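So the structure is just underneath, and the comments pick up after that.
Just so we're clear, the structure is a prediction, and the values are computed from it rather than from any experiment. Chain letters run A, B, ... following the sequence lines, proteins first, then strands; residues in each count from 1. Worth knowing before you read on, the calculation uses all heavy atoms, side chains too, and leaves out hydrogens, waters and symmetry mates.
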Amino acid sequence: MSSAVKGFLSEIMKNRLLYLMCLPALIVLLMFSYIPFAGIWMAFTDFNVVDGIFGSKFVGLDNFKYFFSNSMGWKVIYNTLYINFFGIILGIIVPVGIAILLNEIRHDSYKRVAQSMMFFPYFISWVVVGAILYGIFSTDVGVANNILKFFGAEPISWYSEPKYWKWIIILASVWKWSGYSSIIYMAAMANFDGSLYESAKVDGANKLQSIFYLTIPMLKPTIIVLTLLSVGRIFYGDFGMIYGIVGNNPVLADEVTVIDTYVYASMRSLGFSYSTAIGLFQSVMGLILITAANKSAKKMNDGEGLF
Amino acid sequence: MGTNRLVGDKLVISLAYCLIGLFALVCLYPLILTLSVSFSAEQEVTRNGYSILPQSPTIDTYKYIFVNSGAKILKSYGVTIFITVVGTISALLITSMISFAISIKKLRYRNIIAFISNFTIIFSAGLIPWYMVSVNYYGLKNSILALIIPSVFSVWNMFLMRTFFASISPSMYEAAEIDGANYFTIYVKIALPLSKTALLTVGLMYALNYWNDWWNALIFINEKDLFPLQYYLYSILSNVNAISSGRIPTGASGSITLPAETVKMAVTVITIGPIIFLYPYIQKYFVHGIMAGAIKE
């Protein structure tokens, strides 16, 4: 037995109790993250149930070629990037704005109540958000059309008008996450040096100046880290968000289908191999971008990566 | 100059009060809308549309639901409570054990274990292979375990808990070690009692996740008896969508009366369930968890 193996075994034996305590979690990871890696092979085959994963015919990159040669492939990539891009931008501006404004509020009870109201959307599921949005955008009874009617405008049949839904989804995600994200920025601001603000005040700076020249520059590292994390995941759509809000409504599907919902939908219609290939494309893009994001985070934050 | 500054600052502050108040209202408005419609009379809602105040307040809708689909809803409530309780307890046990183990500095392979876990966040095989092994090898189709096991361990929560455990001074353990205690005893007798807040925080995060989960049900469950609450609501809503988009012939939908507006909102309220009452009290633990997660070691 080589000494490396011996060293390994003796370490395992010495701390066997601690390794045993890791075991249940590692088994879950093995079952649901590592064993599925074998199934990636399906992406390069024309999978059929009879021949199984490794018996089915090898087709090389055909599944990927098909994905990029049909218009739906580019469409879902575009939809994913579009929704995520504006989600990221507003997902910075709104929570940072909230954190800065909350900091200016003097009455603690006002602050507390407002903060806990803003945290509420975090606690409900996307299905519930979908039900709520139905209440707002339903053609006959919805709030949006009531408002339009009040101003004398024509009501809109929202659920058969795809063009609005990218932005409805983007705004819904900003609504759901802003309270949550602002907590992270508040936490960062709590560590700021108060004396800087004092001396700025003595030097005659007004509130707006200290926000733009002190608070925002000091928030920059936090903003960069959180943004890089989201950019790393820009090829991942939020399945629950899309499906919870529009379900499988065929009229809206074209505009809001993202890579994740497309994989799910094509599992039934276009087969396992094709949808595995799309999922693999997504994972590889994710891996590349997250690694790149981590590298740039290290560069900008003096060697501190994202993970 | 000085007075100008004061006026400007006052303006900024009053703007802060207004905007924060406005956004806070926007965040809570849908809940109030949903509650108010669920307590309204159906005819009024169909005539006037949704409104922020209940129209002819009544609890008829809730009575109607419990007479007509009370059994189904109770069953779904049962499923949701079961997976939330069993799932959270198992998740806490599994997560706290591994987090404790890799917080011990002398565990030589702790970084390898952390890497094995981390890698699953940055690269995955994707939905289809995951679904294939779950259904073909683990037999999760139409099994209640499908609603528990896939979400029973979160790597994020592991790192969160490790941060908590790592803040316990090792000297606490050394004394116990000298007395002959093994690491499992130390975990049970010392580490866990010192981490009650951490356990509560992570436990609530898991519980919220289980309560709100419908993705696993969408993927794995066809049997109505195993529908969790969230998925029950989802199936009602997608029926409504299907019928109103004209994909189901009117003849077929004529016999089933469509769930009325008030019914939809009442089921939504029932689905949010205890969160409505609990969230003001439990949110501080989530804040605690978010802040601990945001601070890197």
>> Is A:L17 in contact with chain B via its backbone, its side chain, both, or neither, using a 4.5 Å heavy-atom distance?
In response: side chain

> Do you know which of B:F286, B:F119, B:Y231 has the most heavy-atom pairs under 4.5 Å to chain A?
Replying inline: B:F286

> Which of the residues B:T34, B:V26, B:L19, B:V152 is involved in the greatest number of heavy-atom pairs with chain A at under 4.5 angstrom?
Replying inline: B:V26

> So which of B:F123, B:Y183, B:F184 has the biggest tally of heavy-atom pairs under 4.5 Å with chain A?
Replying inline: B:F123

> Checking heavy atoms, do the side chain of B:L208, its backbone, both or neither come under 4.5 Å from chain A?
Replying inline: side chain

>> Rounded at 0.5 Å granularity, tell me how far CG in A:L29 sits from OG1 in B:T120.
In response: 5.0 Å

>> Less than 4.5 Å apart, side chain to side chain, heavy atoms only: is that true for A:W175 and B:P30?
In response: yes

> Does atom NZ of A:K201 have more than 12 heavy-atom neighbours, drawn from other residues, nucleotides or ligands, at distances under 6.0 Å?
Replying inline: no

> Which value, rounded to the nearest 0.5 Å, describes the distance between B:I20 atom CD1 and A:E104 atom CD?
Replying inline: 10.0 Å

> Which atoms of B:D213 come close to chain A, meaning under 4.5 Å heavy atom to heavy atom: side chain ones, backbone ones, both, or neither?
Replying inline: neither

>> A:W126: which residues meet the ring-ring contact (aromatic ring centres under 6.0 Å, His included) condition with it, sequence neighbours left out?
In response: none

>> Distance check, rounded to the nearest 0.5 Å: B:N182 atom CG versus A:L18 atom CG?
In response: 9.0 Å

>> Heavy-atom cut-off 4.5 Å, strictly under: side chain, backbone, both or neither for A:I100 against chain B?
In response: neither

> Just how far is it from atom CZ of A:F123 to atom CD of B:Q283, taken to the nearest 0.5 Å?
Replying inline: 6.0 Å

> How about residues 124-133 of chain B versus chain A: which residues have heavy atoms under 4.5 Å apart?
Replying inline: B:S124, B:A125, B:G126, B:L127, B:I128, B:P129, B:W130, B:Y131, B:M132, B:V133

> Minimum heavy-atom separation for B:I121 to A:R233, with atom names?
Replying inline: O-NH1, 4.2 Å

>> Below 4.5 Å, heavy-atom pairs only: which of B:L218, B:T46, B:T271 has the largest tally toward chain A?
In response: B:L218

> When the ring centroid of B:F153 is compared with that of A:F32, is the distance short of 6.0 Å?
Replying inline: no

> When heavy-atom pairs shorter than 4.5 Å are enumerated against chain B, which of A:K111, A:Q209, A:K14, A:M42 gives the highest number?
Replying inline: A:M42

>> Can you give me the closest heavy-atom contact between A:E11 and B:K106, atom names plus distance?
In response: OE2-O, 4.3 Å

>> Shorter than 4.5 Å, heavy atoms on both sides: which option in A:I105, A:I132, A:I211, A:N145 has the most such pairs with chain B?
In response: A:I105

> Which pair of non-hydrogen atoms, one from A:P24 and one from B:I94, has the smallest distance, and what is that distance?
Replying inline: CB-CG1, 4.0 Å

> Which bit of A:V129 comes within less than 4.5 Å of chain B, counting heavy atoms only: side chain, backbone, both or neither?
Replying inline: neither

>> Is B:I282 close to chain A through its backbone or its side chain, or both, or neither, when contacts mean heavy atoms under 4.5 Å?
In response: side chain

>> Please classify the contact between B:Y109 and chain A as side chain, backbone, both or neither, with a heavy-atom cut-off of under 4.5 Å.
In response: both

> Side chain, backbone, both or neither: which part of B:K284 has a non-hydrogen atom closer than 4.5 Å to chain A?
Replying inline: neither

> With under 30° as parallel and over 60° as perpendicular, where do the rings of A:H107 and B:Y17 fit, or are they tilted in between?
Replying inline: perpendicular

>> Please find the pair of heavy atoms, one from A:G135 and one from B:Y50, that lie closest to each other, and give the distance.
In response: CA-CE2, 3.1 Å

> Side chain, backbone, both or neither: which part of A:Y34 has a non-hydrogen atom closer than 4.5 Å to chain B?
Replying inline: side chain

> With only heavy atoms counted, which part of A:F281 is less than 4.5 Å from chain B, the side chain, the backbone, both or neither?
Replying inline: neither

> What are the two closest non-hydrogen atoms of A:V127 and B:Q230, and how far apart are they?
Replying inline: CG1-O, 3.7 Å

>> Taking side chain as everything from C-beta outward and backbone as N, CA, C, O, which of these in A:S178 sits under 4.5 Å from a heavy atom of chain B? Side chain, backbone, both or neither.
In response: side chain

> Which region of B:P280, side chain (C-beta onward) or backbone (N, CA, C, O), has a non-hydrogen atom less than 4.5 Å from a non-hydrogen atom of chain A, or is it both or neither?
Replying inline: neither

>> Please classify the contact of B:I116 with chain A as side chain, backbone, both or neither, using a heavy-atom distance under 4.5 Å.
In response: both

> Is chain B contacted by the side chain of A:M31, its backbone, both, or neither, given a heavy-atom distance below 4.5 Å?
Replying inline: both

> In Å and rounded to the nearest 0.5 Å, what is the CZ to CD1 distance from A:R106 to B:I13?
Replying inline: 5.0 Å

>> Is A:V28 in contact with chain B via its backbone, its side chain, both, or neither, using a 4.5 Å heavy-atom distance?
In response: side chain

>> Please classify the contact between B:S99 and chain A as side chain, backbone, both or neither, with a heavy-atom cut-off of under 4.5 Å.
In response: neither

>> Which atoms of A:Y110 are under 4.5 Å from chain B, going by heavy atoms: the side chain, the backbone, both sets, or neither?
In response: side chain

> Given that the side chain runs from C-beta out, which part of A:A205 has a heavy atom under 4.5 Å from chain B: side chain, backbone, both or neither?
Replying inline: backbone

> In terms of heavy-atom proximity below 4.5 Å to chain B, should A:I98 be classed as side chain, backbone, both, or neither?
Replying inline: both

> Roughly how far, to the nearest 0.5 Å, is the CD1 atom of B:I290 from the CE atom of A:M186?
Replying inline: 12.0 Å

> chain A heavy atoms under 4.5 Å from B:L204: which part of the residue, side chain, backbone, both or neither?
Replying inline: neither

>> Among B:L28, B:L233, B:D9, which residue has the highest count of heavy-atom pairs closer than 4.5 Å to chain A?
In response: B:D9

>> Donor-acceptor check, side chain of A:N206 to backbone of B:V7, threshold 3.5 angstrom: yes or no?
In response: no

>> For B:V155, which atoms come within 4.5 Å of any heavy atom of chain A: side chain, backbone, both, or neither?
In response: side chain

>> On a heavy-atom basis, which atom in A:F119 and which in B:Y279 lie closest, and how many Å separate them?
In response: C-CE1, 4.3 Å

>> Could you check whether any side-chain heavy atom of A:V143 comes within less than 4.5 Å of a side-chain heavy atom of B:Y29, counting everything from C-beta outward?
In response: yes

>> Using a 4.5 angstrom heavy-atom cutoff, name the option from B:R110, B:R108, B:M265 with the most pairs to chain A.
In response: B:R108

